[in-house]
Amino acid sequence: MHVSLVMKIEADECRAALTLIRRTIEEHCPPGVLPSEEMVNGLYGPELINEAEAIAAAIVATIDQMQLRVMMKPPSPSIK
């Protein structure tokens, strides 16, 4: 019984941490890089690891978009 109580607390703490990370991504990353929680359940699955996978994919997508913007940005004009 003690082990299941410990696992429940850990799962709740993980869920809270993933929720904070999700909210941060939704606030600071480009729109659409992280599917809604309902879409994550359908695309990845309902487990905590599935939410973590979706978050990781959103971080990678954000970095990819930032790198693409840097590569496509025209060089600054030279001041002579």
Side-chain angles (χ1 to χ4, degrees):
M1 176 95 173
H2 175 69
V3 172
S4 64
L5 178 59
V6 171
M7 294 301 288
K8 177 65 175 161
I9 293 169
E10 289 177 7
D12 287 345
E13 290 174 356
C14 289
R15 186 173 311 283
L18 290 172
T19 298
L20 289 173
I21 296 167
R22 169 178 276 284
R23 301 301 171 243
T24 302
I25 289 173
E26 289 172 344
E27 186 174 325
H28 296 286
C29 294
V33 294
L34 181 59
S36 70
E37 293 176 59
E38 294 80 19
M39 287 185 68
V40 168
N41 288 340
L43 295 169
Y44 293 87
E47 303 296 323
L48 290 176
I49 190 69
N50 303 124
E51 176 73 1
E53 289 174 314
I55 287 171
I59 292 168
V60 170
T62 299
I63 292 168
D64 288 346
Q65 286 185 22
M66 291 172 67
Q67 288 175 336
L68 184 60
R69 273 187 260 151
V70 169
M71 289 178 11
M72 297 185 78
K73 182 180 177 183
S76 301
S78 298
I79 300 176
K80 291 187 178 191

Q: Could you pull out all residues at least two apart from D64 that satisfy side chain to side chain donor-acceptor pair (under 3.5 Å)?
A: none
Q: Spell out, yes or no, whether I63 and I55 are grouped together once hydrophobic residues are joined by side-chain heavy atoms under 4.5 Å, including indirect joins.
A: yes
Q.
Is there a path of hydrophobic side-chain contacts, each under 4.5 Å between heavy atoms of I/L/V/M/F/W/Y residues, joining L18 to L43?
A. no
Q | Nearest heavy-atom neighbours spanning A58 and I25 | A | CB-CG2, 4.2 Å
Q. Which pairs, with at least one residue in residues 40-54 and sequence neighbours excluded, count as a salt bridge (Lys or Arg N to Asp or Glu O under 4.0 Å)?
A. R22-E51
Q: Test V70 against M66 for side chain to side chain contact (heavy atoms under 4.5 Å, CB included), laying out the working first.
A: CA-CA 6 Å; V70 169; M66 291 172 67; 5.7 Å; no
Q) Considering the options H28, E26, E27, which one meets the side-chain contact (heavy atoms from CB on, under 4.5 Å) requirement together with T24? A) H28
Counting only pairs under 3.5 Å, give me each side-chain donor-acceptor contact of residues 29-37, with atom names and distances, residues two or more places apart or in other chains.
{"unit_1": "S36", "atom_1": "OG", "unit_2": "E38", "atom_2": "OE1", "d": "3.4"}
{"unit_1": "S36", "atom_1": "OG", "unit_2": "M39", "atom_2": "N", "d": "3.1"}
{"unit_1": "E37", "atom_1": "OE2", "unit_2": "R23", "atom_2": "NH2", "d": "3.1"}

Q: Work out which heavy atom in A54 is nearest to a heavy atom in V40; give both atom names and the distance.
A: CB-CG2, 3.6 Å
